[in-house]
Amino acid sequence: MTVLFASGGDDPELEQRLSDELDALNAAAVGADDHQRFSVRLTGAAGELIGGITGYTWGGCGGIESLWLDEGHRGHGYGARLLAAAEAEIARRGCDRVVVATMSFQAPGFYRRHGYREVGYTPGMPGGTGKHHFHKPLGQ
């Protein structure tokens with residue numbers, strides 16, 4: 001059997017195939033095939049994007065992938081409201097926990113203030129930073 005390795009740039013077809021294969025493997029391993037994406041968008045009166053949060057639910061767990069808030073709107077509670085809206089959607093879908101990872105220069109303190117417990121840390125990220133991994137049970 002001959003095998004070839006080829007490396008290159010962005011490969012959307014490969015990315016989709018790997019995602020599909022891993023989704024099937026994960027569903028078989030944990031007995032859950034209910035992966036769904038969610039988003040919460042925060043806009044101004046003129047429709048301009050102020051912030052948002054995206055993530056997923058799967059097998060009773062919610063995951064936050066991205067949370068961003070325009071710099072001029074930080075410090076006014078909008079981030080907390082975005083997070084609360086995401087947690088409410090995650091709970092509405094029957095999930096009882098949330099996971100999130102954030103870089104050390106982004107928002108580890110924000111998640112701690114909102115009841116998330118750090119469960120892991122990955123050092124050695126670019127620029128001398130690290131990645132913080134958090135978990136929060138819902139409904140307690």
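Residue numbers start at 1 and run along the sequence shown.
The closest donor-acceptor contact from the side chain of Lys136 to the backbone of His114 lies under 3.5 Å. Using modelled atom types, one side-chain atom of Arg97 and one backbone atom of Gly60 make a donor-acceptor pair closer than 3.5 Å. The closest donor-acceptor contact from the side chain of Arg74 to the backbone of Leu69 lies under 3.5 Å. For the pair Asp70 (side chain) and Gly51 (backbone), a donor-acceptor distance under 3.5 Å is absent. The main-chain N or O of Gly130 is found under 3.5 Å from a side-chain atom of Ser104 such that the two form a donor-acceptor pair.
Note on Phe38: it does not cluster hydrophobically with Trp68, by side-chain heavy-atom contacts below 4.5 Å among ILVMFWY residues. Note on Tyr56: it does not cluster hydrophobically with Tyr111, by side-chain heavy-atom contacts below 4.5 Å among ILVMFWY residues. Hydrophobic clustering (ILVMFWY, side-chain heavy atoms < 4.5 Å, transitive): Leu82 and Met103 are in distinct clusters. By the criterion of side-chain heavy atoms lying less than 4.5 angstrom apart, applied directly or through intervening Ile, Leu, Val, Met, Phe, Trp or Tyr residues, Ile50 is grouped together with Leu83 in one hydrophobic cluster. Note on Ile90: it does not cluster hydrophobically with Val99, by side-chain heavy-atom contacts below 4.5 Å among ILVMFWY residues.
Ser39 and Thr54 get closest at one heavy-atom pair: CB-CG2, 4.0 Å. Residues Trp58 and His35 approach most closely at CD1-N, 3.7 Å, considering heavy atoms. Scanning all heavy atoms of the two residues, the minimum distance from Gly59 to Ala32 falls at CA-CB, 3.7 Å. Of all heavy-atom pairs spanning Ala86 and Ile53, the tightest one is CB-CD1, 3.7 Å. Here the closest non-hydrogen pair linking Ala85 and Val40 is CB-CG1, 4.0 Å.
With rounding to the nearest 0.5 Å, the separation of CG in Leu18 from CG in Asp23 is 10.5 Å. For the atom pair CZ of Arg81 and NE2 of His76, the computed distance is 12.0 Å after rounding to the nearest 0.5 Å. The structure places NE2 of His73 at 7.5 Å from CG of Leu42, a figure rounded to the nearest 0.5 Å. The CZ atom of Phe134 sits 4.5 Å away from atom CD of Glu118, with the distance rounded to the nearest 0.5 Å. Taking OG1 from Thr43 and CD from Glu48, the interatomic distance works out to 7.0 Å, rounded to the nearest 0.5 Å. Here CD of Glu89 is found 7.5 Å from OG1 of Thr57. Values are rounded to the nearest 0.5 Å.
In summary, Arg17 and Glu13 do not engage in a salt bridge, as defined by a charged side-chain N under 4.0 Å from a carboxylate O.
Heavy-atom neighbours of Tyr78 OH from other residues, nucleotides or ligands within 6.0 Å: at or below the threshold of 12. Heavy atoms of other residues, nucleotides or ligands lying less than 6.0 angstrom from CG of Asp33 number 12 at most.
Put simply, the side chain of Glu65 reaches to within 4.5 Å of the side chain of Arg37, judged on heavy atoms.
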